[in-house]
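For reference, the structure discussed in these notes is given below.
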Amino acid sequence: MLNLQITQLCHHFINEYVAEGSVCIDATAGNGYDTAFLCSLVGDSGHVLAFDIQQKALDNTAARLLKLGLSDRAEIIRDSHCNMHKYTPEASVDCIVFNFGYLPDGDHSVCTHADTSVAAINTALSLLKKGGLLSLCVYSGGDTGFEEKTAILNFVKGLSQKQYTVLRIDYYNKSNNPPMPVMIIKL
Ligand SMILES: C[S@@+](CC[C@H](N)C(=O)[O-])C[C@H]1O[C@@H](n2cnc3c(N)ncnc32)[C@H](O)[C@@H]1O
């Protein structure tokens with residue numbers, strides 16, 4: 001059943017933009033769910049780069065891919081997503097996925113931050129091919145606060161409508177600062 005909770009909703013979009021042979025980036029590998037999903041879509045001829053700054057996340061991602069027989073399709077990289085451009089040329093990527101915040105069941109103090117997240121989104125846009133998708137899962141409230149969400153929304157609102165379509169999706173009837181999917185298509 002499609003419940004369209006944030007991850008499933010983002011995967012619904014990603015599924016439309018990623019095909020056999022695609023090149024993708026998971027900018028926040030975490031427990032590897034998004035990396036595994038991208039690997040399942042790109043097939044044997046595609047490739048996924050998965051970034052995270054903490055070893056536990058990289059280990060969890062590697063273990064998930066191994067279990068699913070998808071290890072050959074991904075390169076798992078311990079580096080900040082701010083450095084994505086060091087690993088792939090401009091305009092070479094079909095889909096880039098960010099799921100901000102902290103590792104579930106991990107150290108909440110190791111998390112994404114407003115300034116680096118905005119810088120990494122800007123870098124990601126330069127790496128996307130025309131027609132490519134940038135998928136963002138944005139959180140607020142609780143440990144996360146509101147600074148990152150506000151900074152991301154301000155940044156994406158300023159993107160040229162000639163160059164990008166920016167969709168912001170509201171869980172309109174949900175209380176307690178629901179997560180916000182943001183989809184950006186490079187025109
Ligand atoms: C919500 S989790 C990601 C969930 C993941 N996509 C999944 O499918 O399980 C957020 C992750 O972002 C990572 N992170 C925080 N700052 C980062 C940075 N500057 N570069 C790359 N990863 C970062 C954290 O270590 C954490 O594992």
Side-chain angles (χ1 to χ4, degrees), residues 3-15 17-18 22 24-42 47-68 70-71 73-88 93-128 133-149 151-152 155 171 177-184:
N3 61 33
L4 294 184
Q5 296 300 316
I6 189 160
T7 306
Q8 196 182 71
L9 178 68
C10 291
H11 287 191
H12 199 55
F13 274 89
I14 292 165
N15 192 39
Y17 285 82
V18 180
S22 291
C24 298
I25 292 178
D26 185 351
T28 51
N31 286 321
Y33 290 100
D34 293 316
T35 305
F37 181 66
L38 292 170
C39 286
S40 73
L41 297 177
V42 300
H47 195 58
V48 178
L49 301 177
F51 291 88
D52 208 291
I53 50 172
Q54 54 178 320
Q55 193 58 44
K56 186 177 177 203
L58 302 179
D59 292 345
N60 291 353
T61 297
R64 184 170 308 285
L65 297 183
L66 187 64
K67 196 172 162 194
L68 295 169
L70 295 169
S71 304
R73 298 181 185 181
E75 189 181 340
I76 298 172
I77 300 165
R78 185 167 184 175
D79 200 349
S80 169
H81 40 224
C82 292
N83 294 323
M84 280 187 284
H85 59 286
K86 295 182 179 169
Y87 299 85
T88 191
V93 184
D94 296 282
C95 178
I96 303 177
V97 175
F98 286 79
N99 194 334
F100 296 103
Y102 49 81
L103 185 67
D105 301 324
D107 178 353
H108 289 204
S109 70
V110 184
C111 62
T112 55
H113 295 279
D115 54 348
T116 47
S117 295
V118 169
I121 290 169
N122 197 25
T123 299
L125 291 174
S126 72
L127 301 183
L128 268 190
L133 174 74
L134 181 56
S135 165
L136 311 176
C137 289
V138 183
Y139 302 94
S140 61
D143 287 351
T144 311
F146 293 89
E147 191 189 348
E148 185 179 41
K149 178 183 178 183
I152 291 171
F155 176 73
Y171 288 101
N177 308 307
M180 178 173 282
V182 175
M183 299 293 145
I184 304 176

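Here the structure is a predicted model, which means the values were calculated and not measured. Whatever order the structure lists ligands and atoms in, that order sets their numbers, starting from 1.
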| Atom CZ of F51 and atom CD1 of I76: how far apart are they, to the nearest 0.5 Å? |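 Interatomic distance, F51 CZ to I76 CD1, rounded to 0.5 Å: 11.5 Å.
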| Roughly how far, to the nearest 0.5 Å, is CG of L38 from CG of D94? |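 The CG atom of D94 sits 10.5 Å away from the CG atom of L38.
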Atoms of ligand 1 less than 4.0 Å from [X] heavy atoms?
X    : value
Q54  : 24 (C), 25 (O), 27 (O)
F100 : 1 (C)
A27  : 21 (C), 22 (N)
C111 : 15 (C), 16 (N)

When you measure from the side chain of [X] to the backbone of [Y], do you find a donor-acceptor pair of N or O atoms at a distance under 3.5 Å?
X    : Y    : result
D52  : G30  : yes
E147 : A114 : no
S71  : A62  : no

With [atom] as the reference point, say which of [options] has the nearest heavy atom.
atom                    : options            : answer
atom 14 (N) of ligand 1 : D79, I53, D107     : I53
atom 2 (S) of ligand 1  : Y33, Y102, Y139    : Y102
atom 4 (C) of ligand 1  : D26, T28, N60      : T28
atom 13 (C) of ligand 1 : T61, D34, L38, D52 : D52
atom 21 (C) of ligand 1 : H81, M84, H113     : H81

| Where do F37 and T7 land on the side-chain contact (heavy atoms from CB on, under 4.5 Å) test, with the steps shown first? | CA-CA 11 Å; F37 181 66; T7 306; over 6 Å; no
| task | Indicate, as side chain, backbone, both or neither, the part of A29 found under 4.0 angstrom from ligand 1 when only non-hydrogen atoms are considered. | result |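 Within the 4.0 Å criterion, A29 contacts ligand 1 through backbone atoms alone.
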| task | Taking atom NE2 of H12 as the centre, report whether more than 12 heavy atoms of other residues, nucleotides or ligands fall under 6.0 Å from it. | result |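 Counting neighbours around NE2 of H12, 12 or fewer heavy atoms of other residues, nucleotides or ligands fall under 6.0 Å, so no.
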| said: Other residues, nucleotides and ligands only: do more than 12 of their heavy atoms fall within 6.0 Å of CG on D105? | reply: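 Count not over threshold, so no.
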For [atom], the protein heavy atom that lies nearest, with its residue and separation:
atom                    : answer
atom 9 (O) of ligand 1  : N31 N, 2.9 Å
atom 15 (C) of ligand 1 : T112 CG2, 3.5 Å
atom 10 (C) of ligand 1 : N99 O, 3.3 Å

| field | Donor on one side chain, acceptor on other, N99 and Y139, under 3.5 Å | value |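 Looking only at side-chain atoms, Y139 and N99 do form a donor-acceptor pair, the distance falling under 3.5 Å.
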